[in-house]
Amino acid sequence: MKLAPQLPAVPQDRFGRPLRDLRLSVIDACNFRCGYCMPADRIPDDHGLDAAGRLSFDEIETLVRGFAAIGVHKLRLTGGEPLLRKRLPEVVARLATVPGIDDLALTTNGSLLAAQAHALRQAGLHRLTVSLDALDPPVFAAMSGGRGEVGAVLEGIEAAQAAGFEAIKINCVVQRGLNEDQVLPLLAHFRGSGHVVRFIEYMDVGTCNGWRRDQVVTSAQLRDRIAARWPLRPLQSQYRGEVAERYAFADGGGEVGFVSSVSAPFCGDCHRARVSADGRLYTCLFAGEGHDLRPALAGGAAALADHAAALWLRRGDRYSEIRSQPQAPRKHIEMYLIGG
């Protein structure tokens with residue numbers, strides 16, 4: 001009898017990229033309506049609030065144990081806005097004990113963070129990333145679809161620091177004509193704090209944000225603008241596949257990062273998988289279709305691991321490298337369904 005081929009412990013896709021990093025959405029609802037992700041005129045207020053289709057905490061833990069078994073060691077919880085998920089610290093505490101997961105992080109818009117930062121830290125969360133597109137209150141309100149107050153986000157960052165979170169990443173998506181003037185104020189505010197501001201090129205994720213290339217402010221343009229105010233020196237990447245280019249302020253004021261998916265694609269070293277709140281695997285941020293993991297998940301962590309490994313072996317995504325070519329896919333999953 002011919003035996004089925006043995007799957008590798010750490011699967012590699014068709015370009016030899018291993019699976020190391022899982023972005024897991026715990027909810028696809030959000031209390032903001034940022035235009036580049038979840039524009040208010042396209043997404044109703046009640047989107048994602050029905051809990052019926054979401055993975056349960058038991059399913060989430062089983063899924064993470066399965067992915068850890070095939071090489072995932074970095075886990076980031078995303079949304080939507082993950083802090084809208086009720087009893088989130090409980091699932092964080094469960095995931096913090098999964099063997100093999102040595103980096104447990106969360107991305108949030110920060111508006112609900114002040115009340116939850118301590119509980120998240122006590123539960124075992126290692127790191128935080130906070131999305132903050134402006135310091136100026138009117139600009140911030142416009143960027144968040146009229147739903148957010150910058151003061152609440154800053155209070156959340158302060159509470160997180162008090163709870164023991166260090167080197168919080170502050171992510172800013174820069175759009176030409178909207179928040180370009182917020183770049184230097186953001187850096188001035190956080191320089192010397194130990195936190196790291198990262199500027200992200202406006203990307204064509206999803207189909208509802210009306211993306212145009214002329215709205216992109218490239219990382220090179222931002223870097224030159226920042227260096228004219230505060231001289232910079234490049235830093236080595238901390239690990240292979242790190243998405244942000246890192247620079248230090250020459251005067252010792254900390255560091256700044258740039259994520260350049262449009263102008264300098266990094267598909268060649270991408271080792272991330274994404275799972276939506278309803279349990280579908282997306283092998284690329286720009287994927288058009290997902291793979292339903294729930295049937296395999298019902299069989300337990302081992303069955304899920306085998307199925308996920310088989311899917312990863314077939315992966316051939318490299319959208320950012322071919323976005324201008326005719327064969328590039330034009331249908332993309334919306335960002336709010338799988339996190340950033």
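Residue numbers count from 1 along this sequence. Remember, predicted model here, so these are calculated numbers, not experimental data.
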Identify the two heavy atoms, one from [X] and one from [Y], that lie closest to each other, and give their separation to 0.1 Å.
{"X": "Ile157", "Y": "Ile170", "result": "CD1-CD1, 3.7 Å"}
{"X": "Phe140", "Y": "Ala134", "result": "CD1-O, 3.5 Å"}
{"X": "Ala123", "Y": "Pro89", "result": "CB-O, 3.3 Å"}
{"X": "Cys172", "Y": "Leu132", "result": "CB-O, 3.4 Å"}
{"X": "Leu187", "Y": "Val256", "result": "CD2-CG2, 3.8 Å"}
{"X": "Leu235", "Y": "Tyr247", "result": "CD1-C, 3.9 Å"}

Supply the atom-to-atom distance [X] [atom1] to [Y] [atom2], rounded to the nearest 0.5 angstrom.
{"X": "Leu232", "Y": "Glu255", "atom1": "CG", "atom2": "CD", "result": "11.0 Å"}
{"X": "Glu61", "Y": "Ser56", "atom1": "CD", "atom2": "OG", "result": "10.0 Å"}
{"X": "His271", "Y": "Trp312", "atom1": "NE2", "atom2": "CH2", "result": "8.5 Å"}
{"X": "Ile338", "Y": "Tyr282", "atom1": "CD1", "atom2": "OH", "result": "7.0 Å"}
{"X": "Asp13", "Y": "Leu313", "atom1": "CG", "atom2": "CG", "result": "8.5 Å"}
{"X": "Leu104", "Y": "Arg76", "atom1": "CG", "atom2": "CZ", "result": "9.5 Å"}

Is [X] salt-bridged to [Y], cutoff N-O under 4.0 Å?
{"X": "Arg94", "Y": "Asp58", "value": "yes"}
{"X": "Arg225", "Y": "Glu180", "value": "yes"}
{"X": "Arg54", "Y": "Glu59", "value": "no"}
{"X": "Arg23", "Y": "Asp21", "value": "yes"}

Strictly distance-based, threshold 3.5 Å: is any side-chain N or O of [X] a donor or acceptor partner for the main-chain N or O of [Y]?
{"X": "Ser144", "Y": "Gly148", "value": "yes"}
{"X": "Arg33", "Y": "Pro39", "value": "no"}
{"X": "Asn179", "Y": "Gln182", "value": "no"}
{"X": "Arg17", "Y": "Asp269", "value": "no"}

Check the side chains of [Y] and [X] for a donor-acceptor pair under 3.5 angstrom, ignoring hydrogens and angles.
{"X": "Glu81", "Y": "Thr108", "answer": "yes"}
{"X": "Asn31", "Y": "Arg147", "answer": "no"}
{"X": "Glu201", "Y": "Ser263", "answer": "yes"}
{"X": "Gln161", "Y": "His195", "answer": "yes"}
{"X": "Ser237", "Y": "Arg246", "answer": "no"}
{"X": "Thr283", "Y": "Asp317", "answer": "yes"}
{"X": "Gln221", "Y": "Arg176", "answer": "yes"}

Can you check salt bridge (charged side-chain N to carboxylate O under 4.0 Å, His left out) on Arg294 and Asp292, steps first, answer last? CA-CA 6 Å; Arg294 273 189 146 140; Asp292 187 4; 5.9 Å; no
Applying the side-chain contact (heavy atoms from CB on, under 4.5 Å) test to Leu24, which of Val275, Val91, Thr78 qualifies? Val275
Given Leu55, which of Asp278, Leu297, Ile27 fulfils the side-chain contact (heavy atoms from CB on, under 4.5 Å) condition? Leu297
Test ring-ring contact (aromatic ring centres under 6.0 Å, His included) applied to Phe165 - qualifying residues, sequence neighbours left out: none
So, do Arg127 and Leu125 sit near enough that their side-chain heavy atoms are less than 4.5 Å apart? no
Between Phe258 and Val243, does a side-chain contact (heavy atoms from CB on, under 4.5 Å) hold up when you go through it step by step? CA-CA 8 Å; Phe258 302 92; Val243 299; over 6 Å; no
Let me see the working for Val26 and Leu84 under side-chain contact (heavy atoms from CB on, under 4.5 Å), right down to the final yes or no. CA-CA 9 Å; Val26 296; Leu84 289 173; over 6 Å; no
Please test Ser25 against Ser276 for side chain to side chain donor-acceptor pair (under 3.5 Å), starting from the C-alpha separation and ending with a verdict. CA-CA 5 Å; Ser25 174; Ser276 60; over 6 Å; no
Considering residues, nucleotides and ligands other than His118, do more than 12 of their heavy atoms fall under 6.0 Å from its NE2? no
Under 6.0 Å from the six-membered ring centre of Phe249 and within 45° of its axis: does the NZ or CZ of Arg191 meet both? yes
Enumerate the residue pairs fulfilling ring pair (Phe, Tyr, Trp, His ring centres under 6.0 Å) with a member in residues 43-81, sequence neighbours excluded, ordered by first and then second residue. His47-Tyr336
